[in-house]
Amino acid sequence: MGFRKKNKSPPVLSHEFVIQNHADMVSCVAMVILLGLMFEVTAKFAIMFITVQYNVTQVVDEKTELNLYQYGPKDVATVFFYLLIAIILHALIQEYILDKMNRRLHLSKTKHSKFNESGQLAAFYLFSFIWGCSILTAEDFATNPTFLWEGYPHTQMVFQVKFFYICQIAYWLHALPELYFQKVRKEDIPRQLYYICLYVVHITGAYVLNLHRLGLVLLVPHYLVELLFHASRLFYFSDENKQKGFTLWALLFVIARLLTLTLSVLTFGFGLPRTENQGFSLADGNFNVLTIRMTCLAAICLTQAWMMWKFINFQLKKWREHSQNQASKKKTQSPKSKPHKKEPTRGGAANGVVKSEEKTSPRARKAKAS
């Protein structure tokens, strides 16, 4: 009786080794950065990775002080550290939640990859939406529309706003190496690269150009719509009859696009041109010039137009598939029926027997009686 062959582990630093152990490798790097806090020599560098930098204390009254923050080049180190944290959390969600659900559902390869994508994005959108709503309720972003451009440039921000943007940039940057770690199919890579790059460009642009107020107001409803879409897709993979969520998503998608365009035109077309601080200054963080305003507005409008184009094509594709399925069901339910002979009724059968008996001769009747 032969021994069972053990599965050989892939060679060290090979592609399979890195993919299987990428979460452990990243966690080791994060632990090294955290251990740097224990020593005075490395503490200054470790703090730059972990804590939010560029703290500015603003005195309001004699008794009250506000701790505000600005952005700078050291934020790159902070984004890198939370990028590592995002990779670790991604692996935990994949291993302990999504993989267990996939084993129960027994999905195909294409549905398996889409299920993992929607599961990861749904968790992120839910967390970001709740966090963004808490910031909006604490600030005057939603109640006062003029707050989006009054006092520009908005070089100072509260801790929650800056940390929110750092986590957003870190998450979408971590999605780039995850294309390799998760073995995403070649057919899905271009589609995912499109929206990852769009998120990185728009969020980083709002952060660098001191438009974090407008960016936060636009991100929260957008994340709500995306959360509904990916949650509906998860329910659809579990049961294909659950499609009501897509109808609500389609309605909110159009409303979110109109809201984004309205606020963008209002801010770049009417609000910022009427503020007192006009001009371009890197030292002051002022980017309130016509060229930058029109570039930002054009980028937002083109992105919304592209999203609407993809949305219309998606709806047309679903409508065609639905019409084809309905036509195929009608064909199977109503096949060409052959003419059937009518069965004689009881009375008709009795009358036929009586008539046949009347036609028989008296000799045959006697023979039957005997």
Side-chain angles (χ1 to χ4, degrees), residues 110-129 132-133 168 171-172 175-176 179 184-206 214-269 295-327:
T110 55
K111 290 184 177 180
H112 180 80
S113 61
K114 291 181 179 180
F115 184 87
N116 291 335
E117 179 188 1
S118 294
Q120 295 286 347
L121 290 176
F124 168 73
Y125 287 138
L126 177 62
F127 175 75
S128 299
F129 174 72
C133 286
Q168 294 294 314
Y171 180 86
W172 290 113
L176 295 174
L179 297 177
V184 178
R185 299 185 307 164
K186 294 181 179 180
E187 297 81 6
D188 296 334
I189 289 177
R191 177 182 59 82
Q192 295 189 23
L193 275 177
Y194 286 151
Y195 70 76
I196 290 172
C197 294
L198 285 174
Y199 275 116
V200 171
V201 171
H202 283 75
I203 296 174
T204 307
L214 177 64
L216 185 61
V217 172
L218 296 182
L219 275 178
V220 170
H222 174 75
Y223 280 171
L224 174 62
V225 176
E226 293 299 314
L227 170 63
L228 183 60
F229 172 75
H230 289 285
S232 300
R233 194 156 74 162
L234 290 175
F235 285 114
Y236 173 76
F237 288 143
S238 62
D239 186 3
E240 294 185 355
N241 294 323
K242 298 179 180 179
Q243 300 185 12
K244 294 181 180 179
F246 291 108
T247 305
L248 180 60
W249 164 75
L251 178 61
L252 293 179
F253 183 88
V254 178
I255 296 174
R257 303 287 74 78
L258 294 175
L259 178 64
T260 301
L261 290 174
T262 303
L263 291 177
S264 300
V265 173
L266 189 65
T267 302
F268 293 108
T295 302
C296 294
L297 182 60
I300 294 174
C301 291
L302 289 175
T303 303
Q304 302 306 309
W306 178 75
M307 293 176 67
M308 282 299 300
W309 175 256
K310 299 288 289 184
F311 173 77
I312 293 171
N313 288 333
F314 176 78
Q315 294 296 329
L316 289 175
K317 182 181 177 181
K318 289 295 182 182
W319 178 74
R320 290 170 185 171
E321 291 178 354
H322 180 71
S323 60
Q324 290 177 359
N325 292 334
Q326 293 295 328

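For reference, positions follow the sequence shown, starting with 1.
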Heavy-atom closest pair, residues S264 and I300: OG-CG2, 3.4 Å

Which pair of non-hydrogen atoms, one from P221 and one from V217, has the smallest distance, and what is that distance? CD-O, 2.9 Å

Value for CZ (F115) from NE2 (H230), rounded to nearest 0.5 Å, stands at 13.0 Å

Audit row: S128, L219, side chain to side chain contact (heavy atoms under 4.5 Å, CB included) steps and yes/no: CA-CA 9 Å; S128 299; L219 275 178; over 6 Å; no

Over 60° means perpendicular and under 30° means parallel, so classify the ring planes of H222 and Y199, tilted if in between. tilted

Is there side-chain contact between I203 and Y171, with at least one heavy-atom pair below 4.5 Å? no

Here the gap from L261 atom CG to L266 atom CG, rounded to the nearest 0.5 Å, amounts to 12.5 Å

Is the F124 ring parallel, tilted or perpendicular to the W172 ring (thresholds 30°, 60°)? perpendicular

Between the side chains of Y223 and Q168, is a donor N or O closer than 3.5 angstrom to an acceptor N or O? yes

Shortest non-hydrogen contact from C133 to V220? SG-CG1, 3.8 Å

OH/Y194: more than 12 non-hydrogen atoms of other groups inside 6.0 Å: no

For the CG atom of N313 and the NZ atom of K318, what is their distance to the nearest 0.5 Å? 13.5 Å

Less than 4.5 Å apart, side chain to side chain, heavy atoms only: is that true for L218 and L259? no

Nearest non-hydrogen partners of A256 and V225, listed with the distance: CB-CG2, 3.7 Å

Heavy-atom pair of closest approach, residues L234 and S118: CD2-CB, 3.9 Å

Contact check, side chains of S232 and L248, non-hydrogen atoms, under 4.5 Å: no

Could you tell me which non-hydrogen atom of A250 sits nearest to which non-hydrogen atom of Q315, and how far apart they are? CB-NE2, 4.0 Å

Per the side-chain contact (heavy atoms from CB on, under 4.5 Å) rule, which among F235, F229, F253 passes with F246? F229

Passing option when L251 is tested against V254, I255, T247 for side-chain contact (heavy atoms from CB on, under 4.5 Å): I255

Do V184 and E117 make a side-chain contact, defined as non-hydrogen atoms from C-beta onward lying under 4.5 Å apart? no

Can you check whether F311 and W249 have ring centres sitting under 6.0 Å from each other? yes

Separation between OH of Y236 and NZ of K244, rounded to the nearest 0.5 Å: 16.0 Å

